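Working notes, structure below.
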Amino acid sequence: MKRTTLLFTLFLFVLTAAFAPLPVQAEEDAAPYYSSRDEIPTEYTWDLTLIFETPEDFEAAYVKLEESIPAMDELKGTLGKSADNVAAALALNYNLWEQFSELQVYASQTRDLDTRNSGANDMYLRVRGLAAKVSQATSFIDPEITAISDKKLKKFRKSATLEPWQHYIDNLVRLKPHIRNKEVEQLLAAAGPMSGAGFEAYSNLTSADAEWPEIVDEKGDTVTATPSLYYSFVSNQDRRIRKDASLAIFGTYTKYGNTFAATYNGQLQNDIFFTEARNYDRTLDRVLANSNVPSSVVNNLVETVHDNIELPQQYASLRKEILDLDEFHVYDLYVPLVAEAQRSFTFKQATELALEFWGETYGEEYATIAERAFNERWVDVYANEGKRGGAYSWGTYNSVPYLLLNWGGTLEDVFTLVHEMGHSVHTYMANKNQPFQYSDYSLFVAEVASVASEALFFEWMLERTEDPTERLDLLNLHLNNITGTFLRQIFFHEFEDRAHKLAESGAAVTQESLGDIYEELWKQYYGPELVLDAEYRAGWARVSHFYRSYYVWVYATSFSAGQAIAANFRSGNQDEAVQGYLDMLKLGGSVYPMDALKVAGVDMNNPDVIKSVMVDYKQTLDEMSKLLRERKAMMMDEEMMDE
């Protein structure tokens with residue numbers, strides 16, 4: 001997951017031949033959990049001094065930005081007079097936001113390391129308040145530019161001073177019907193801090209205030225069932241642990257369900273407010289317009305899944321059969337189907353594995369950046385008490401794109417590392433090749449680099465094993481990746497869309513109404529084989545991405561594009577494919593996202609790009625079903641011979 005700055009919006013996953021050197025169980029604890037940051041070896045923690053060397057430097061930068069804001073007033077009301085005034089306003093605008101991003105990332109990431117830290121929370125809230133001041137001070141720019149007559153603006157754009165701003169102005173002209181007058185824009189900017197209140201309440205509840213229950217693990221130890229460890233629990237071969245952990249986690253979401261429904265309804269009402277204020281019919285229309293993506297792309301996603309809905313249902317039936325289950329539950333969806341192939345990885349093993357992959361696949365330029373990330377402490381690796389869960393990549397234009405992990409030691413965690421490094425390399429290349437105003441890239445391409453890396457990593461590993469058990473494990477993981485990054489995100493999108501329609505209709509948004517939608521989707525996607533525990537009706541409350549409105553579908557389109565890029569690597573000239581891919585990463589936000597993907601050889605207007613994912617899903621499912629059934633029959637024959 002890539003996080004971007006408040007500048008645009010608040011939004012927040014090497015094997016050698018045949019895997020020979022990798023043990024089935026890592027020699028040391030693959031996933032240590034620390035009660036205190038002080039216990040973690042320094043090399044596995046962020047070096048935030050790359051942003052500010054000391055807290056005093058942060059404070060000095062804060063004061064400097066505050067003192068710089070009034071300079072915007074001198075340009076207010078002057079942009080229609082000359083191209084030079086337009087250029088001066090845009091330059092100062094982005095200078096302020098560049099300063100702000102340094103403060104925001106430093107404060108946010110300090111807080112993410114221990115969300116219970118009151119000092120870090122205070123610093124974070126101060127920065128959020130500063131964002132409102134910058135937004136209000138700069139809110140006149142877009143209305144003044146769009147108020148310039150078409151004839152005069154065309155003349156202005158011939159000036160050399162506006163050359164660095166051509167794409168910005170082009171995008172502004174495109175969105176002109178949705179840009180309000182100066183007074184309204186200032187009011188909308190002032191409302192900015194309120195827009196994040198729902199997520200802040202949600203984040204504090206999940207990370208700091210909620211009491212997560214304990215369960216007994218396979219060693220007989222008492223462990224806390226936290227959301228950040230959910231996938232480690234549900235990949236456990238012991239079904240009792242999968243069940244206990246899942247029902248404990250989602251039972252807690254149910255316990256706080258009324259509060260979670262209130263925080264999410266706050267997000268929905270915020271979306272409705274800004275959508276109506278900007279003259280859009282629906283929030284989805286507003287989000288798509290910002291990225292200049294046609295609605296047909298999202299429609300193709302949903303239609304493709306519905307046209308192939310029998311495939312995830314067949315997968316559920318296969319899991320029930322191979323795992324010898326009387327009933328199939330959600331907590332049976334992620335456990336590896338080949339227990340013997342399960343491996344655990346220390347972080348050191350994972351980095352060696354990934355570096356070999358990056359070097360062989362993308363070449364020296366990419367691999368060198370990734371190696372710097374490990375050597376220069378861009379990565380915060382291990383979970384600790386109070387640390388934000390999940391994984392993301394985020395940084396500043398003038399420092400580095402940091403990675404946050406909560407290392408669990410599984411093969412999935414290795415894939416998460418590859419995924420998040422895809423974001424970080426993308427950001428690094430964009431920052432080094434674009435000016436600040438074009439360094440940040442659209443939501444639509446935000447996940448492409450990371451998903452393409454995962455797809456290529458899977459194929460890279462699959463080519464290096466002849467062991468049928470390991471091949472099955474990789475196929476299982478690949479199917480789970482399609483399920484998680486494509487199918488599940490469209491599932492989430494359908495939930496989010498129905499929740500928005502519920503709120504837009506004026507109906508009550510409650511734990512019960514949201515649970516009804518979520519339950520219906522579970523049954524639609526997985527059919528009659530699925531026995532849905534009541535606790536999973538609250539599963540929507542676990543998805544923090546719902547506070548980044550209409551973001552989840554981007555994972556599915558990115559997965560489609562990533563798969564297409566991987567296919568280009570396989571089918572054509574690899575050097576040419578690599579160069580096109582790296583060129584796309586370096587574009588940042590200097591072109592529209594659909595055009596950026598074309599540089600990498602992918603046309604998202606072609607519905608076959610999306611449909612090909614479900615073709616891959618079916619082929620993988622067919623091969624895996626055949627191998628699993630053959631393996632099961634062989635094991636049964638061996639058992640009969642032993643008798």
Side-chain angles (χ1 to χ4, degrees), residues 2-7 10 12 34 36-69 71 92 94-131 133-134 347 351 368-382 384-388 391-405 420-421 423-425 427-437 439-440:
K2 177 182 180 285
R3 295 182 67 182
T4 62
T5 70
L6 273 170
L7 170 57
L10 265 170
L12 306 157
Y34 296 93
S36 167
R37 295 284 301 172
D38 296 335
E39 300 172 358
I40 305 175
T42 301
E43 63 266 30
Y44 298 121
T45 62
W46 277 336
D47 181 8
L48 294 180
T49 65
L50 298 175
I51 306 177
F52 295 113
E53 287 193 16
T54 67
E56 290 74 24
D57 291 333
F58 169 87
E59 293 298 336
Y62 187 99
V63 171
K64 179 184 176 183
L65 177 55
E66 273 194 314
E67 293 175 346
S68 300
I69 294 173
L92 181 55
Y94 275 97
N95 178 266
L96 294 176
W97 283 115
E98 185 175 350
Q99 292 180 60
F100 170 78
S101 69
E102 304 287 319
L103 296 166
Q104 185 200 17
V105 173
Y106 184 84
S108 298
Q109 295 190 327
T110 300
R111 175 179 180 264
D112 285 349
L113 295 177
D114 188 353
T115 58
R116 305 164 303 174
N117 185 321
S118 59
N121 278 299
D122 288 345
M123 180 167 60
Y124 174 78
L125 292 173
R126 286 174 59 210
V127 171
R128 279 182 54 81
L130 193 56
K133 294 179 182 178
V134 178
F347 185 67
T351 58
T368 299
I369 297 168
E371 190 167 18
R372 281 189 59 195
F374 299 131
N375 293 338
E376 297 174 16
R377 294 174 53 205
W378 301 5
V379 190
D380 200 87
V381 180
Y382 297 114
N384 61 261
E385 292 285 344
K387 182 178 177 180
R388 172 182 168 141
Y392 68 70
S393 167
W394 197 27
T396 74
Y397 186 74
N398 297 304
S399 63
V400 298
Y402 293 95
L403 291 80
L404 179 137
L405 303 176
E420 297 302 338
M421 189 63 76
H423 285 310
S424 287
V425 173
T427 300
Y428 182 89
M429 288 187 168
N431 287 351
K432 295 301 178 184
N433 289 277
Q434 298 296 333
F436 177 74
Q437 66 264 28
S439 61
D440 198 21

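All residue numbers in this chain count up from 1 along the given sequence. This one's a predicted model, so the numbers in the text were calculated from it and none came from an experiment.
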Donor-acceptor under 3.5 Å (K387 side chain, Y382 main chain): yes
List for me each residue that meets salt bridge (charged side-chain N to carboxylate O under 4.0 Å, His left out) alongside E385, sequence neighbours excluded, and say none if there are none. none
Atom of G395, atom of V105 and distance for their closest heavy-atom approach: O-CG2, 3.5 Å
Euclidean distance, L130 CG relative to Q104 CD, rounded to 0.5 Å: 10.5 Å
Sequence neighbours left out, what passes salt bridge (charged side-chain N to carboxylate O under 4.0 Å, His left out) with E371? Give chain and number order. none
Sequence neighbours left out, what passes side-chain contact (heavy atoms from CB on, under 4.5 Å) with T45? Give chain and number order. R37, I40, T42, R377, D380
Shortest non-hydrogen separation from S101 to F436 and the atoms involved: OG-CE1, 4.2 Å
By ring pair (Phe, Tyr, Trp, His ring centres under 6.0 Å), Y106 pairs with (sequence neighbours left out) F52, F58
Pair E59 + R126: basic N to acidic O under 4.0 Å: yes
Heavy-atom pair of closest approach, residues Q99 and L65: OE1-CA, 3.6 Å
Is the closest side-chain heavy-atom distance between M123 and R111 below 4.5 Å? no
Mark yes or no for whether S424, through its side chain, and P401, through its backbone, hold a donor-acceptor pair below 3.5 Å. yes
Side chains of W378 and I369: does their closest heavy-atom pair fall under 4.5 Å? yes
Is a side-chain N or O of T115 found less than 3.5 angstrom from the main chain of G386, in a donor-acceptor match? yes
Can F374 and Y44 be said to form a side chain to side chain contact (heavy atoms under 4.5 Å, CB included), step by step? CA-CA 9 Å; F374 299 131; Y44 298 121; over 6 Å; no
Only counting residues at least two apart or in another chain, list the ones meeting salt bridge (charged side-chain N to carboxylate O under 4.0 Å, His left out) with E39. none
Are W97 and F100 close enough that their ring centres sit under 6.0 Å apart? yes
May I ask you to check whether W46 and Y402 place their ring centers less than 6.0 Å from one another? yes
Run E98 and N398 through side chain to side chain donor-acceptor pair (under 3.5 Å) and show every step you take. CA-CA 9 Å; E98 185 175 350; N398 297 304; 2.9 Å; yes
Output for pair (S399 OG, N431 CG), nearest 0.5 Å, gives 8.5 Å
Go through the steps for T396 and E102 under the test side chain to side chain donor-acceptor pair (under 3.5 Å), then give the verdict. CA-CA 6 Å; T396 74; E102 304 287 319; 3.1 Å; yes
With heavy-atom distances below 4.5 Å as the criterion, would you say the side chains of I51 and D57 are in contact? no
For the residue pair E376 and L50, what are the closest heavy atoms and their distance? O-CD1, 4.0 Å
Please determine whether side chain to side chain donor-acceptor pair (under 3.5 Å) holds for the pair N121 and S118, giving the CA-CA distance in whole Å, both sets of side-chain angles, and the decisive distance to 0.1 Å. CA-CA 5 Å; N121 278 299; S118 59; over 6 Å; no
Which residue pairs pass the salt bridge (Lys or Arg N to Asp or Glu O under 4.0 Å) test when at least one of the two sits in residues 114-124, sequence neighbours left out? D114-R116
From S68 atom OG to N95 atom CG, the distance as rounded to the nearest 0.5 Å: 7.0 Å
Minimal heavy-atom distance between N384 and L113, with the atoms involved, is ND2-O, 3.1 Å
If you look at every heavy atom in W394 and S108, which pair is closest and at what distance? CZ3-CB, 3.4 Å
Can you measure from CG (L403) to OG1 (T427) and round to the nearest 0.5 angstrom? 9.5 Å
Q109 vs Y392 side-chain heavy atoms within contact, under 4.5 Å: yes
Taking it one step at a time, do Y124 and T110 satisfy side chain to side chain contact (heavy atoms under 4.5 Å, CB included)? CA-CA 8 Å; Y124 174 78; T110 300; over 6 Å; no
